[in-house]
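So the structure is just underneath, and the comments pick up after that.
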Amino acid sequence: MPASRRGSGSVTLLTGQTIAIHTRTHDEEDLPHATKKTMADHLRKYESLFTLTPQRMRMIVEAFTETLELGLNKPNQIVPMIPTFVFGWPTGREKGDFLALDLGGTNLRVCLVTLQGEGKFEISQTKYRLTEEQKQEDGQKLFDFCAECLNTFVETNTGEGAGQLKPGQSLPLGFTVSHSLTQQERIDHGELIRWTKGFGAGNTEGRDVAEMFKKSLEKFQLPIQLTALINDTTGTLIASHYVNPKTKIAVIFGTGCNAAYMEHVKDIPKMQHLGIDPGADMAINCEWGAFDSFEHEHLPRTKYDIIVDDTSNKPGEQAFEKLISGRYLGEILRLVLCELIDEGKPYCFDTAFLSLMESDPTDELLMVIGIFTHFFALETTLAERQFFRALAKLIGRRAARLSSCGIAAIVSKMGYLEEGCSVGADGSLYNKYPGFADRVHEGLQDIFGDKGRNIVTYHAEDGSGVGSAIIAAMTKDRKDAGLYLNV
């Protein structure tokens with residue numbers, strides 16, 4: 001009789017769900033599982049598919065840098081390099097009360113940020129849940145709800161006490177819209193290209209959302225000036241620099257991906273007609289998830305990546321994002337497993353599973369047992385679980401190394417390597433995926449050699465709250481000084 005091992009335990013997933021596990025695993029020779037040799041052969045194949053050599057990474061960085069340049073030269077490029085009309089870095093002397101409104105995927109967040117100078121601030125905030133109906137009904141109604149929440153927040157925070165707003169106090173507002181906006185012509189203007197994150201509010205796409213929101217503010221007669229309409233990545237850049245002045249780049253690695261940095265106006269040829277001082281600097285919202293879209297000349301796509309692209313809601317688009325963002329990594333692993341197991345429905349394998357598999361601290365890999373028995377009704381041997389974890393690691397590591405290529409492109413373009421710089425990073429992948437930040441740093445060293453250590457990522461400051469308020473403060477100061485009033 002072959003020996004068997006019994007084990008039991010429970011696993012808590014990122015969703016908070018707890019799974020009970022009871023296993024009885026015979027020696028693997030007794031069951032029709034894959035042999036260790038077969039798995040080793042498979043793993044070698046996948047290693048060759050998903051591993052990026054330093055040489056290949058440097059080639060990607062070169063192409064990436066050229067793409068960024070093209071977006072600065074001409075409008076309507078694949079990576080659009082959107083001018084934000086955020087001029088230069090915060091001085092650190094910005095002071096006063098500012099409001100920030102963040103229209104996210106699940107909540108509407110209203111913040112009162114008191115800037116105290118020298119990189120210090122205080123923040124109070126309230127979140128208002130968005131219903132599915134509100135996300136789908138008429139767009140003007142959605143902005144009316146935003147104004148109503150602002151009104152409630154202002155009333156609640158008005159009084160004579162310390163840290164409260166004074167009755168009738170006029171407040172500048174920074175509005176963060178985490179959806180696709182067109183290239184802005186002014187900082188307080190922006191047409192919505194398309195809703196994302198499950199929104200579908202009608203009569204909004206193609207319209208100036210700033211004007212729609214101003215109409216809603218007028219209904220409630222609020223003493224609020226919409227000063228700046230911003231993207232969350234730009235806010236992350238400004239907030240992170242306010243607290244840590246070594247910060248030169250901000251990146252988001254979550255369900256999507258993006259970057260922002262500060263560019264010299266003289267190096268943005270497509271803006272020359274606006275008559276802005278060439279010596280000025282301006283934050284650029286890269287929207288770099290679209291790198292290598294349509295032509296697919298530079299990124300190392302496997303057949304699994306091509307399937308993910310072909311079956312997505314936007315085939316051909318967002319090529320870089322589809323290789324590195326949390327929305328797709330689980331699906332890439334599922335497609336590899338389907339080839340081996342021949343079952344499973346699309347997007348049933350969450351990226352959180354990869355994270356759990358990599359972080360499983362148990363000798364028997366009990367978390368991996370939990371995932372496969374609970375979600376897929378599959379029994380696995382220890383060797384198979386080790387193989388699955390190795391696959392997850394390959395896919396996660398590739399995502400981090402490709403992410404470092406994007407950072408390296410901006411570093412190369414701006415000449416930051418010698419002096420070094422900090423990179424404010426945010427997003428669920430960066431914050432929660434085990435080892436992601438370390439792999440990004442490893443990638444930067446593979447690209448640049450030892451000097452890659454000069455580029456350090458860290459957990460960014462709150463872009464859509466604090467960053468939005470700081471940008472409102474900077475914009476108010478700029479316009480009060482009579483600078484570039486037309487933008």
Side-chain angles (χ1 to χ4, degrees), residues 82 84 86 88-90 92 94 98 100-105 107 109 111 113 115 118-123 125 127 174-178 228 230-263 283-289 320-321 324-326 355 399-400 402-411 414 416 420-441 443-444 454-474:
I82 300 170
T84 63
V86 176
W89 298 112
E94 292 82 7
F98 299 88
L101 187 68
D102 175 18
L103 183 60
N107 299 306
R109 183 167 65 123
C111 309
V113 181
L115 300 177
E118 298 179 348
K120 295 174 184 169
F121 61 86
E122 286 184 357
I123 181 169
Q125 58 185 331
K127 289 181 179 177
F175 187 10
T176 301
V177 181
S178 302
I230 69 157
N231 163 275
D232 55 348
T233 316
T234 310
T236 300
L237 175 69
I238 297 301
S240 298
H241 186 276
Y242 182 75
V243 174
N244 173 7
K246 289 184 178 176
T247 306
K248 299 287 176 67
I249 301 167
V251 290
I252 308 289
F253 299 123
T255 49
C257 67
N258 196 14
Y261 73 104
M262 195 65 67
E263 183 58 89
I284 294 291
N285 165 27
C286 299
E287 294 294 346
W288 73 6
F320 187 53
E321 181 175 298
I324 70 173
S325 92
S355 183
L402 282 170
S403 300
S404 68
C405 291
I407 295 170
I410 295 176
V411 167
M414 299 305 294
Y416 291 149
C421 74
S422 296
V423 179
D426 205 355
S428 53
L429 208 56
Y430 182 85
N431 295 332
K432 294 180 180 176
Y433 197 103
F436 190 86
D438 290 339
R439 290 168 183 169
V440 169
H441 292 145
L444 287 166
N454 296 344
I455 313 301
V456 181
T457 70
Y458 71 98
H459 180 65
E461 293 296 324
D462 167 22
S464 51
V466 177
S468 183
I470 295 168
I471 290 170
M474 292 167 65

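Note that the structure is predicted; figures quoted are calculated from it, not measured.
Across all non-hydrogen atoms, the minimal contact from Ile324 to Ala399 is CG2-O, 3.5 Å. Smallest separation of non-hydrogen atoms from Leu444 and Ser404: CD2-O, 3.7 Å. When every heavy atom of Ser240 is checked against every heavy atom of Gly424, the shortest pair comes out as OG-CA, 4.3 Å. When all heavy atoms of Thr176 and Asn231 are compared, the closest pair comes out as CG2-C, 4.3 Å. Of all heavy-atom pairs spanning Tyr416 and Met262, the tightest one is OH-O, 4.0 Å. The two residues Ile455 and Gly420 have their closest heavy-atom pair at CD1-CA, 4.2 Å.
In this structure, the side chains of Cys286 and Ile410 come closer than 4.5 Å at one or more pairs of heavy atoms. Considering only heavy atoms from C-beta on, Pro90 comes within 4.5 Å of Ile238 through its side chain. The shortest distance between side-chain heavy atoms of Ile470 and Phe98 does not fall below 4.5 Å. Side-chain contact between Leu101 and Arg109: absent, with no pair of heavy atoms (C-beta onward) separated by less than 4.5 Å. Asp462 places a side-chain heavy atom less than 4.5 Å from the side chain of Ile123.
Between the side chain of Thr233 and the backbone N or O of Ala260 there is no donor-acceptor pair closer than 3.5 Å. Side-chain atoms of Thr247 never come within 3.5 Å of backbone atoms of Ser422 as a donor-acceptor pair (strictly under, hydrogens ignored). The backbone N or O of Glu287 lies less than 3.5 Å from a partner atom in the side chain of Asn258, making a donor-acceptor pair.
Phe253 pairs by the ring pair (Phe, Tyr, Trp, His ring centres under 6.0 Å) definition with Phe436, not counting sequence neighbours. Checked against ring pair (Phe, Tyr, Trp, His ring centres under 6.0 Å), Tyr261 has no partners two or more places apart in sequence or in another chain.
Atom CD1 of residue Ile407 and atom OG1 of residue Thr457 lie 6.5 Å apart, to the nearest 0.5 angstrom. Interatomic distance, Ile252 CD1 to Ser403 OG, rounded to the nearest 0.5 Å: 12.0 Å. To the nearest 0.5 Å, the span separating CD1 on Ile471 from OH on Tyr242 amounts to 13.0 Å. One finds the CE atom of Met414 at 4.5 Å from the CD atom of Glu263 (value rounded to the nearest 0.5 Å). Interatomic distance, NZ of Lys120 versus CG of Leu115, reported as 13.5 Å (0.5 Å rounding). Residue Asn285 holds its CG atom at 7.5 Å from OG1 of Thr84, rounded to the nearest 0.5 Å.
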* To do: Could you give me the CA-CA distance, side-chain angles and deciding distance for Glu122 and Val113, then say whether side chain to side chain contact (heavy atoms under 4.5 Å, CB included) is met?
  => CA-CA 6 Å; Glu122 286 184 357; Val113 181; over 6 Å; no
* To do: Determine, step by step, whether Lys246 and Tyr458 satisfy the side chain to side chain contact (heavy atoms under 4.5 Å, CB included) criterion, reporting the C-alpha distance in whole Å, the side-chain angles of both residues, the deciding distance to 0.1 Å, and the verdict.
  => CA-CA 11 Å; Lys246 289 184 178 176; Tyr458 71 98; over 6 Å; no
* side chain to side chain contact (heavy atoms under 4.5 Å, CB included) assessment of Glu461 paired with Val466 -> CA-CA 8 Å; Glu461 293 296 324; Val466 177; 5.8 Å; no
